[in-house]
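The structure under discussion appears below in the form of structure tokens.
Predicted model only: the values in this text are computed from it and were never measured.
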Amino acid sequence: MDLRNIAIIAHVDHGKTTLVDELLKQSGAFRENQAVAERALDSNDLERERGITILAKATSVEWKGTRINIVDTPGHADFGGEVERILSMVDGVVLLVDAAEGPMPQTKFVTSKALALGLRPIVVLNKVDKPDAEPDRALDEVFDLFANLGADDDQLDFPHLYASGRAGWADPSLDGPRRDLSALFNLIVDHVPAPRQLARMEEPFRMLATTLGADPYLGRILTGRVESGRLKAGATVHVLSRLGEPIERFRVSRVQAFRGLAMQEIDEAVAGDIVTLSGMSRATVSDTICALEVQEPLPAQPIDPPTISVTFGINDSPLAGRDGKHVQSRVIRERLMREAESNVAIRVSDTPGGEAFEVAGRGELQMGVLIENMRREGFELSISRPQVLVREEDGQKLEPVEEVTIDVDDEFAGAVIEKITGPRKGELLEMRPAGSGKTRLRALVPSRGLIGYHGEFLTDTRGTGVLNRVFHGWAPWKGPIAGRRTGALISMENGVSVAYALWNLEERGRLFIGAQEQVYQGMIIGEHARENDLEVNPLKGKKLTNIRAAGSDEAVRLTPPVRLTLEQAIAWINDDELVEVTPKAIRLRKRHLDPHERKKAAKNAS
């Protein structure tokens, strides 16, 4: 069967996964009466809850005698390690662009990777049926983006379609019949070249491992594109590292390929196809699986380095061990090492003492997803404030800088510009009207300046602003950047919070807890309205007397507390504070407790 391998790339929420749903339906991958969830490829619980793609996934459809392997890639730059590996498996890309928003920062990020690999993109202007869509402007911006990224003449001469992924149609012209996606299917078959590996069918078997997974019955499974030769289940192969060192020899227990949403066992893997192998015990991502006579590894795509680091430690608060099953540092380390093995964008290293681990990655969202997954698996952790990674070149200290694109109502543009160019040391590149009373700002801001800014940004724009960011490069260190400007309300007692005490503390700032919640000495229960930290007593009840009067008994009406999400909590804390994460709670506390006080607090809390 004729074969095509493509990846669908786009910015977050531009409609990749929804379009793949329609491609599967219209190709006949589903039965007519088959119940299929919306965004079928977003199989992870967090992906469904957040509406974003975190893990790259493959599927395949058949169209008029051609099998099309489709890879749905993450749109967020924090998960860019997935995108870089996946693009090395395909021969073409479908670039999806929202016709109203146009190319966004993460569009630029994934497109630059595709163009650097020499892939010729197909541009699909999605959501053209939205009332604020401007497809012609979006198309011009895509062409300008390609030119700025150094695309060659073939890449600049890209075909384009107008589409609505949700409605399930794509047409070469804006006033087309709007019936189905046959124009997109035909364009993929005609424009994307067949895998060049098909010509290497008679060479020895070689495959570059691209993604790592696990199966309760099969154990470790690796997915990748067969670069040459053929392979049947039962054959013995060996594994080479990126440097050519032998890792292991194993017998392939099963060969599977993607057919629709299911994995299907096949008789033979052939050059050019995307398949999954099982049977190995130590092979991992970027290793070469090959026939025994092959001694040279395949070149692996370089991965952009991490830009921030977070310290993961054991939860040593007085309330530790009440919710979670996995609390020891040894178990936490094993879990982090498993994550680093499958996710090449993450690096894990031990800190002096061995009780904590430094995890380096691409951004706060990537860290937040990892912590949330561990939390749901029953881990208890203490998490530090993210720190940016710096590097030295020619004696100069460099720090990561991000390109930020902001869409904001005209009335709030001034406040946003003041914040990002003032205390956060950003540099404004562009300011232009974006239609409908909105302004688009583009700026280069140090990653340090963006840590904890998102909540402040939503407050400044009354929740109407949209901020997108992507790693831009390294720039000279810009000096000190102020952190949080407010202090913390810190509990000075151990016990259960009292409504009367919290009612009296409301004038001091925002509270993070409600009545009848466990607190301990050193726990942060709110944000102080002033710059200094303030120790308070949330256990203090009302003194009772025999005197009753109409004016002396005021009703206690508490303002609902602010419940910080995991990402908000990590961004809110300062360097001397920690986030305590358990399966049932997210708490904040001061980093250092006196050992004697900690022992006393644990005794009182129990």
Side-chain angles (χ1 to χ4, degrees), residues 3-12 14-20 22-23 41 53 55-61 63 66-77 79-98 102-126 138-139 141-163 165 170 181 183-197 208 210-211 224-225 258 272 274 301 304 470:
L3 190 62
R4 299 290 185 274
N5 296 323
I6 65 160
I8 297 187
I9 59 176
H11 181 75
V12 177
H14 277 200
K16 295 183 301 299
T17 309
T18 304
L19 181 67
V20 174
E22 287 298 322
L23 290 171
L41 284 188
T53 301
L55 302 171
K57 298 169 207 68
T59 183
S60 79
V61 300
W63 181 257
T66 300
R67 174 169 294 123
I68 304 173
N69 287 324
I70 302 172
V71 185
D72 183 22
T73 60
H76 200 287
F79 309 109
E82 291 277 329
V83 178
E84 292 162 39
R85 298 204 309 270
I86 291 305
L87 290 179
S88 66
M89 281 204 304
V90 299
D91 305 292
V93 292
V94 174
L95 173 62
L96 211 61
V97 178
D98 189 307
M104 298 295 281
Q106 274 120 37
T107 313
K108 178 179 178 180
F109 171 79
V110 290
T111 305
S112 65
K113 301 290 182 188
L115 295 177
L117 290 171
L119 302 176
R120 295 174 58 212
I122 296 170
V123 175
V124 176
L125 299 164
N126 196 26
L139 186 62
E141 290 178 357
V142 171
F143 184 86
D144 293 341
L145 173 65
F146 282 21
N148 291 336
L149 293 175
D152 60 32
D153 292 343
D154 285 342
Q155 291 170 329
L156 286 173
D157 188 22
F158 56 84
H160 66 276
L161 296 173
Y162 301 93
L181 292 169
L184 178 56
F185 279 118
N186 293 331
L187 189 54
I188 290 170
V189 172
D190 295 339
H191 183 75
V192 177
R196 61 185 182 281
Q197 289 80 5
L208 183 68
T210 307
T211 61
R225 179 173 62 179
F258 300 91
I274 295 174
Q301 195 64 27
D304 283 348
V470 66

Atom pair CD1 (I8) and CG (L23), whose distance is rounded to the nearest 0.5 Å: 5.5 Å
Heavy-atom pair with the smallest gap, counting every atom of A114 and I9: CB-CD1, 4.3 Å
Relative to the ring of W63, is the ring of F185 parallel (under 30°), tilted (30 to 60°) or perpendicular (over 60°)? parallel
Under 3.5 Å, which donor-acceptor pairs link side chains of residues 145-156 to any protein atom two or more places apart or in another chain?
| unit_1 | atom_1 | unit_2 | atom_2 | d |
| --- | --- | --- | --- | --- |
| N148 | ND2 | D144 | O | 3.2 |
| D152 | OD1 | D154 | N | 3.1 |
| D152 | OD1 | Q155 | N | 2.8 |
| Q155 | OE1 | D152 | N | 3.1 |
| Q155 | NE2 | L115 | O | 3.2 |
| Q155 | NE2 | L119 | O | 3.1 |

Within the side chain of N5, is there an N or O that forms a donor-acceptor pair under 3.5 Å with the backbone of G272? yes
One should read off an interatomic distance between L161 CG and L184 CG, to the nearest 0.5 angstrom, of 6.0 Å
Which atom of P103 lies closest to which atom of A138, heavy atoms considered: CD-O, 4.2 Å
Say you draw a straight line from CG of D157 to CZ of R120; how long is it, rounded to the nearest 0.5 Å? 7.5 Å
Report yes if the side chains of V189 and R4 come closer than 4.5 Å at any heavy-atom pair, otherwise no. yes
So which heavy atom on H191 is nearest to which on P159, and how close? CE1-CD, 3.5 Å
Within the structure provided, determine whether F158 and L95 are in side-chain contact (heavy-atom separation under 4.5 Å). no
Hey, does I70 have a side-chain heavy atom less than 4.5 Å from the side chain of I6? yes
Side-chain heavy atoms of L139 within contact of Y162, under 4.5 Å: yes
Nearest-0.5 Å distance that lies between atom CG in L208 and atom CZ in R225: 9.5 Å
When rounded to the nearest 0.5 Å, the distance separating CG of L187 from CD1 of I122 is 4.0 Å
Under the side chain to side chain contact (heavy atoms under 4.5 Å, CB included) rule, what do H160 and V142 come out as? Steps first, then yes or no, please. CA-CA 10 Å; H160 66 276; V142 171; over 6 Å; no
Is there a donor-acceptor pair closer than 3.5 Å between any side-chain N or O of N69 and the backbone N or O of S60? no
What distance separates L96 CG from N126 CG, expressed to the nearest 0.5 Å? 4.5 Å
